[in-house]
Amino acid sequence: MRSIFEKLDLMDKREIAAILDEIGVFLELKGENPFKVRAYQSAARILDRLEDDLGELIKAKQLRSIKGIGAALADNIETLHQEGSLPFYEELKASIEPGLIEMLTIPGLGPKKVKAVYGKLGLTSIDQLRLACEEGKVAALPGFGKQSQAKILSGIEHRELYNQRHLWWNAFAIAEPILEGLRKLKQTEKAEHAGSLRRCLETVGDLDFLVASEDPDPIMHWFTHQEGVAEVTALGQTKSSIRLESGLQADLRVVPLKQFYFALHHFTGSKDHNVMMRQRALSMGYSLSEWGLTPEEGGRKVTTIKSEAALFKKLGLNYIPPELREGTAEIAAAEKGTLPELVQEEDIRGVFHNHTTASDGRHTLEEMVAAAQDLGWEYLGISDHSKSSVQANGLNEERVLRQIEAIEKLNQSKQFKTYVFSGIECDILKDGDLDLDQSVLEALDYVVISIHSGFTQDEEAMTRRIIKAIEHPCSTMLGHPTGRLLLEREPYAVNMQKVIDAAIANKVMIEINANPRRLDMDWRLWHKAAEKGLMTCINPDAHAAERLIYYKAGVQVARKGWLTKESVFNTNNLKSVKNYLLSTS
DNA sequence: GCCGTTTTCGGCCCGACTGTTTTCAGTCG
């Protein structure tokens with residue numbers, strides 16, 4: 001519980017969402033009504049994705065108007081936000097052995113079984129559970145057996161590896177050859193990946209593959225016997241699951257061709273999107289599942305479709321791209337015909353946040369430009385670190401001026417078709433000042449402002465610091481605005497709504513840092529921010545020529561954030577970009 | 001706990017696989 005001295009430090013959305021999720025788990029262990037559990041868990045997801053400022057919503061008494069948040073949840077959220085604690089939560093937490101929560105992370109162990117080992121054997125920790133399994137006590141419990149016991153032991157053994165999430169980029173690299181392998185089999189009529197990988201979520205828990213075939217056995221056999229399989233965890237007639245040596249789990253489902261697109265839609269998810277689609281189907285007199293769309297009453301008639309688009313059409317919706325299927329506003333927009341025309345990889349004509357050997361990059365200016373030219377880009381921006389980033393060999397004023405000269409010379413030489421802009425990734429110092437003299441910043445084509453130190457400032461100080469930097473007349477775009485490293489480091493404390501508003505007011509862009517470990521600013525914030533007028537620039541933050549390709553991950557973030565190419569600066573042609581940078585520098 | 005153009009009460013998305021059973025509960029997605 002927080003002390004009263006910390007009372008001003010209001011709990012933010014993510015902290016509250018985490019607590020609601022925890023409450024859901026507690027209730028589950030208590031054997032509460034599963035729909036109540038779901039209500040808490042769904043409220044947690046809603047908060048996580050909430051784009052508005054929570055404090056504002058509470059002040060305006062708007063919390064209850066959000067679908068899925070009723071009187072009780074609104075009260076609880078408000079209490080957590082204002083007080084930093086919630087008696088209901090504290091009491092619930094105190095009444096449950098913490099070791100039981102941990103047991104739920106063991107694959108195959110759900111709330112009922114955890115309750116059983118606690119109730120019947122009095123086990124309160126994973127260590128005790130391991131011991132009981134080794135002594136054969138667990139197998140003797142009703143509903144358990146020797147196989148369950150062995151599975152639990154193996155689950156305990158590999159728990160950490162199995163529960164890891166993986167960066168989308170890395171997971172995709174593992175999934176691609178598997179999908180290719182499936183497509184090469186002669187029994188395969190169609191094959192796609194599904195799940196969060198297809199929705200391009202920033203991290204992926206497992207891989208999902210879907211195959212259309214009338215002859216599943218050989219496909220299942222290939223899948224479960226391919227190289228890199230550590231364990232086969234399920235093998236049925238239509239579904240099999242494997243554990244890869246990397247710890248990643250992969251599921252394969254094989255369905256007849258006529259069900260392929262229903263199944264593809266179903267297994268692409270998200271869960272929230274599927275629930276909304278099913279509810280919509282029900283309201284139109286249909287029942288929707290991975291098997292098809294059938295009239296609710298009696299009839300066995302399965303409607304056949306030849307694409308996912310046809311499924312959406314049958315439900316009166318425009319086609320919703322997988323990236324948008326997160327259960328937010330996509331179905332309402334698809335109904336009204338107001339889905340955006342999303343930016344595409346081909347729209348990108350160059351990128352601006354890249355490093356060379358001048359600071360901490362691995363390739364020279366010429367090597368970077370050659371790589372950009374190979375990608376067919378019209379322009380490339382070079383933005384090495386500034387002098388405060390000593391660890392990255394940041395440039396001082398004199399070295400910046402020398403680099404500007406080198407870039408001018410390169411452009412004049414016409415050695416490359418790709419035009420080069422001279423920029424800098426300028427450190428935002430602790431007080432919000434920029435790291436280089438204004439006269440030098442003015443000599444550059446553009447300035448990326450970023451934070452590389454002092455991550456531990458409180459939210460107010462950090463927000464003030466970033467906004468002050470945004471207000472600097474030379475700032476062009478804000479780099480990796482929250483400093484997060486996916487699966488490694490949390491974002492620093494910052495009020496992004498205020499930063500977004502300041503960026504719009506000062507005509508400063510916020511980049512989508514496309515490095516797969518960052519993907520920052522998060523897609524969840526873009527829809528509303530762009531509606532308010534915020535522009536972005538998709539940047540790979542490449543520290544080597546072969547990493548320019550990261551821009552693709554940035555395009556995915558933009559698409560998940562509902563962005564059209566009008567909101568993405570680097571979809572403009574060279575002439576427009578030159579004009580814009582000239583007019584603002 | 002949430003929700004309502006048939007409902008303020010009684011529903012709440014739906015199916016596969018496993019391991020335990022001998023017809024099904026628990027887990028998972």
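No experiment lies behind these values; they were computed from the predicted model shown. In the text below, chain A, chain B and the rest are named by the order of the sequence lines, each starting its count at 1.
- In terms of phosphate contacts, A:Gln147 brings a side-chain nitrogen or oxygen within less than 4.0 Å of OP1 or OP2 of B:dT20.
- Heavy atoms of A:Pro142 sit nowhere under 4.0 angstrom from any nucleic acid atom.
- B:dT7 takes the syn form, because its glycosidic angle lies no more than 90° either side of 0.
- The interatomic distance linking A:Phe144 (CZ) with B:dT27 (P) rounds to 8 Å, in whole Å.
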Using atom types as modelled, flag every donor-acceptor pair under 3.5 Å from a side chain in residues 331-343 of chain A to any protein atom, sequence neighbours excluded.
unit_1	atom_1	unit_2	atom_2	d
A:Glu335	OE2	A:Arg280	NH1	3.4
A:Glu335	OE2	A:Arg280	NH2	3.4
A:Thr338	OG1	A:Ala333	O	3.4

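- Contact between the side-chain N/O atoms of A:Gln279 and the OP1/OP2 oxygens of B:dC13 is found at a separation under 4.0 Å.
- Remark: A:Arg278 is not in phosphate contact with B:dC12, judged by side-chain N or O atoms under 4.0 Å from OP1 or OP2.
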Donor-acceptor pairs under 3.5 Å, side chain of residues 97-111 of chain A to any protein atom, not counting sequence neighbours: which ones?
unit_1	atom_1	unit_2	atom_2	d
A:Thr105	OG1	A:Glu102	O	2.5
A:Thr105	OG1	A:Arg159	NH1	3.1

Derivation and outcome, salt bridge (charged side-chain N to carboxylate O under 4.0 Å, His left out), residues A:Lys112 and A:Glu28: CA-CA 9 Å; A:Lys112 298 269 166 60; A:Glu28 215 173 4; over 6 Å; no

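- Proximity of A:Thr238 to the phosphate of B:dC17: a side-chain N or O atom is located under 4.0 Å from OP1 or OP2.
- Using a 4.0 Å cut-off between charged side-chain N and carboxylate O, A:Arg198 and A:Glu192 make no salt bridge.
- Under the Watson-Crick or G-U wobble criterion, with both distances below 3.5 Å, B:dA16 is paired with B:dT27.
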